[in-house]
Amino acid sequence: MKILFNDIDEPGLNTLPVYERRGGYQALRTALTMEPVDVVDEISKSGLRGRGGAGFPAGRKASFLPKGDMDKYLVCNADESEPGTFKDRELMQKSPHMLIEGIVIACWGAGITRAFIYIRGEYELQAQILDAAIAEAYKAGYLGEQILGSDFTLSLVLHRGAGAYICGEETGLLDSLEGKRGNPRLKPPFPAIEGLYHGPTLINNVETLATMPHIIRMGGEEYSKLGVANSAGTKLVSISGDVQRPGNYEVALGTPSRELIYDLAGGPFLGREIKLWFPGGSSSPVLTKDDLDLPYDFDSMAKAGTMLGSGAIIVVDDTHHPLEIALKLAKFYSHESCGKCVPCREGTSWTYKMLQRIETGEATPMDLDIMASVQDQIIGNCLCVLGDAMAMPVGSIVAKFRPELEEAIEAARMRHQAGPVENVVGVI
Amino acid sequence: MSPYRVPRFGHGSRVPGWDEEVDLAKPPATVPDPAVVEVPEQLRAAIEAAMAKYPDFHSASIPALHLAQDEHGWLSPEAIAQVASVMRLTPAYLTSVASFYDMFSLEPKPRDDVYVCTNITCSLRGGDEFYEAMHAAARGESVNVREFECLGACDIAPMASVNGEFVGPLTLEDADQIVADLKARRSVLEHKQLRYRRTADPGANSSPEATA
């Protein structure tokens, strides 16, 4: 069943007339006749969990905002930079009004009058399309003062970032939106209490907000019947890597992972086999081909020791060595670490250096133990989860592919004439 | 030479400017005098419009730096001074912001940017090799080729962003074509542009009963 991707390739869906013809902004009309608390209630009933990575219940998040007359803000997180994720890009490019409608509904529910979309700087085409769509929505009275004749007023500003992975982290994003370096903040206070410009702030992912019109249209109860228990609804899954048909697919949560990778994305190329796969972007601990029968939903992934994350499956086949993958990860995260917290700044760059030592033949199997302990010391010890985002997948690669990494260490030592590992003092 | 020059140790820090000598005797740069700094009228108007969009004008610093970089090609000291003069901020503040983000360049660079993704998915599909090929193709040309973090287009891996236009999946031969298209100032690799690509999901956009 397609909800977000229904009509997605309809020519001109990014323009207001076509979107309206396909039933667009009807849900907003319905929502404006409802009491704000009932809107939030509908979202809570739907069981929708945040689509950005953490999977926090969207209705609960909205209800955390304090009541009252103070300035409250909504920030749509469109800084989609988790490697492997490209679902929000497709939504914003092809159906920008769906996002805008969702934003207006969410703001009405939470009593917010100022909204921002923080889009990553590299998405230039998507920013242009959104800008045009916002202008159309203002002109048609879906944004601005007295929306559709009600006494609800909302302003929406599109804000372009400038290339920093950390700005996808909600507090880093807030600092960046305030015109600073995108350094994460200490939590608590959580953004719902003290966020943008020190005001209560609701931060949601693009896909989460784009789902809101459909929840209002279908009713929360009805929406919650999609998917499986505790993982309601459909999810856009970005499948990429060593598969025949990479792309975005919309599936009901709880669909078996094998179906996603083999039936939808075509599986690996002829004669190759899946070596490992990331179920939720490059920050999620890796799974192997033995885990392909897991249902693709929040709880099943958590039970398997990994996470659904942003819903990005990256498939790696047997022509690639796990070391190659770990190196790429460590290099990326050490570049993107903002440098504020020591465990992350030092941990990511030393992990990268240790992995390089394997390639240059200087490493011993003991390095793998040190590397594993470094990962343990990063997790949970920083302001944000960027360090964890490297520590979890790298740690899982070390744990799951240790024999192969040891072989690589030995082979590189021989290649560089460092001699077999036994010759090194201190190794038994 | 000033007696206050402090040599820094070349310890390989990636903080830009860390290893450069500094002149501590020089007075710090303050908010530039608007009467002295000349700002192109269009740039000034655009920055002021951006400032008006936010409850706090500081929020406009990234949009303003984008505008200045578009105007000057890179964030030269003059470009920073112009933004500082319009926004009433110190050049140091703006430089600290600009140095954080990958898309801002505090060094002179050619106007044409080719960002080649070499992150995980693209590298699985040959992104590293394409990056080498792109480098070779752009040698001697006025094109800024650089590796970039995941650009969010793994469905067309290996891919690159050419002046903001996403193209892929790329083969090694495409590198020369990109340079040729840039030199001819025409649309780059039009048949491989992401903007024309249909959604991969076969079930999307096809079932009439689902539209109800």
Side-chain angles (χ1 to χ4, degrees), chain A residues 1-2 5-10 22 71 80-86 88-90 93-94 114 120-125 157 159-165 176-182 197 238 240-242 245-250 264-265 282 312 314 316 320 324-325 328-329 332 335-336 338, chain B residues 14-15 53-66 69 89 93 96-104 115 118-125 148-157 161 163-166 169 193-195 197-207 210-212:
Chain A
M1 173 159 184
K2 305 296 168 205
F5 266 5
N6 188 21
D7 287 341
I8 194 77
D9 275 325
E10 178 80 14
R22 312 304 293 194
D71 274 336
E80 183 175 54
S81 30
E82 174 70 17
T85 316
F86 45 92
D88 298 342
R89 182 207 77 207
E90 191 130 36
Q93 180 183 329
K94 295 185 173 165
R114 272 180 180 273
R120 64 181 299 191
E122 296 89 338
Y123 281 175
E124 288 185 28
L125 170 68
V157 171
H159 181 93
R160 273 184 68 205
Y165 172 76
S176 179
L177 184 50
E178 288 179 3
K180 304 174 191 153
R181 296 164 68 88
Y197 309 125
S238 309
S240 70
D242 294 319
R245 288 191 300 275
N248 284 313
Y249 297 91
E250 182 172 11
L264 290 174
S282 74
I314 308 172
V316 180
H320 300 279
E324 201 184 302
I325 309 302
K328 273 281 167 207
L329 288 170
F332 169 70
H335 172 75
E336 294 299 337
C338 80
Chain B
R14 62 195 160 80
V15 178
K53 284 205 273 184
Y54 301 93
D56 178 346
F57 75 94
H58 287 87
S59 288
S61 52
I62 290 173
L65 289 168
H66 270 301
Q69 178 155 299
L89 291 167
Y93 178 86
S96 89
V97 171
S99 63
F100 189 84
Y101 298 95
D102 284 346
M103 288 176 78
F104 293 136
Y115 299 158
T118 55
N119 210 302
I120 198 153
T121 296
C122 281
S123 78
L124 291 172
R125 304 294 290 257
F148 219 79
E149 63 166 286
C150 180
L151 287 157
C154 316
D155 44 351
I156 55 168
S161 164
N163 289 335
E165 187 75 60
F166 285 18
Q193 288 181 2
L194 178 77
R195 64 169 77 214
R197 199 177 166 90
R198 288 178 66 87
T199 303
D201 196 334
N205 200 43
S206 57
S207 49
T211 53

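Note that this is a predicted model, so its numbers are computed, not measured. Lettering follows sequence order; numbering is per chain, from 1.
Neither the backbone nor the side chain of A:Ser238 comes within contact range of chain B, judged by heavy atoms closer than 4.5 Å. In this structure, the portions of A:Tyr249 lying under 4.5 Å from any heavy atom of chain B include both its backbone and its side chain. In this structure, the portions of A:Tyr165 lying under 4.5 Å from any heavy atom of chain B include both its backbone and its side chain. Both the backbone and the side chain of B:Ser96 come within contact range of chain A, each with at least one heavy atom under 4.5 Å from a heavy atom of that chain. When heavy atoms are compared at a cutoff of 4.5 Å, B:Ala153 approaches chain A by way of both its backbone and its side chain. When heavy atoms are compared at a cutoff of 4.5 Å, A:Arg160 approaches chain B by way of both its backbone and its side chain.
One finds the CG atom of B:Leu194 at 5.5 Å from the CD atom of A:Gln93 (value rounded to the nearest 0.5 Å).
In this structure, A:Lys328 contributes its side chain and B:Thr118 its backbone to a donor-acceptor pair below 3.5 Å. Between the side chain of B:His66 and the main chain of A:Gly161, a donor-acceptor pair closer than 3.5 Å is present. A:Arg181 places no side-chain N or O within 3.5 Å of a backbone atom of B:Val97 that could act as its donor or acceptor partner. Listed for the B:Ser61 side chain is a donor-acceptor partner under 3.5 Å among the backbone atoms of A:Gly179. With hydrogens and angles ignored, the 3.5 Å screen pairs no side-chain donor or acceptor of B:Asp102 with any backbone N or O of A:Ala164.
Defined by atom type and a distance below 3.5 Å, a donor-acceptor pair is missing between the side-chain atoms of B:Arg125 and A:Ser240.
Contact detail for A:Arg114 and B:Lys53: the closest heavy-atom pair is NH1-O, 4.1 Å. Of all heavy-atom pairs spanning A:Ser176 and B:Ile62, the tightest one is OG-CD1, 3.4 Å. Across all non-hydrogen atoms, the minimal contact from B:Leu124 to A:Gly241 is CD1-CA, 4.0 Å. The heavy-atom pair separating B:Leu151 from A:Glu122 by the smallest distance is CD2-CG, 3.4 Å. Here the closest non-hydrogen pair linking B:Cys150 and A:Ser81 is CB-O, 4.4 Å. Nearest heavy atoms, B:Tyr93 versus A:Lys180: OH-CG, 3.8 Å.
For B:Tyr101, there are no ring-ring contact (aromatic ring centres under 6.0 Å, His included) partners at least two apart in sequence or on another chain.
In this structure, A:Arg120 and B:Glu149 have side chains that are in contact, with non-hydrogen atoms separated by less than 4.5 Å. Looking at B:Tyr54 and A:Val157, their side chains come closer than 4.5 Å, going by heavy atoms from C-beta outward. Proximity of B:Asp201 to A:Asn248: side-chain heavy atoms (C-beta onward) are nowhere separated by under 4.5 Å.
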(message) What verdict does the salt bridge (Lys or Arg N to Asp or Glu O under 4.0 Å) test give for B:Asp155 and A:Arg245, after you've listed the backbone C-alpha separation in whole Å, the side-chain angles of each residue and the deciding distance to 0.1 Å?
(response) CA-CA 8 Å; B:Asp155 44 351; A:Arg245 288 191 300 275; over 6 Å; no
(message) Working note: A:Glu90 + B:Arg198, criterion salt bridge (Lys or Arg N to Asp or Glu O under 4.0 Å); need CA distance, chi angles, decisive distance, verdict.
(response) CA-CA 10 Å; A:Glu90 191 130 36; B:Arg198 288 178 66 87; over 6 Å; no
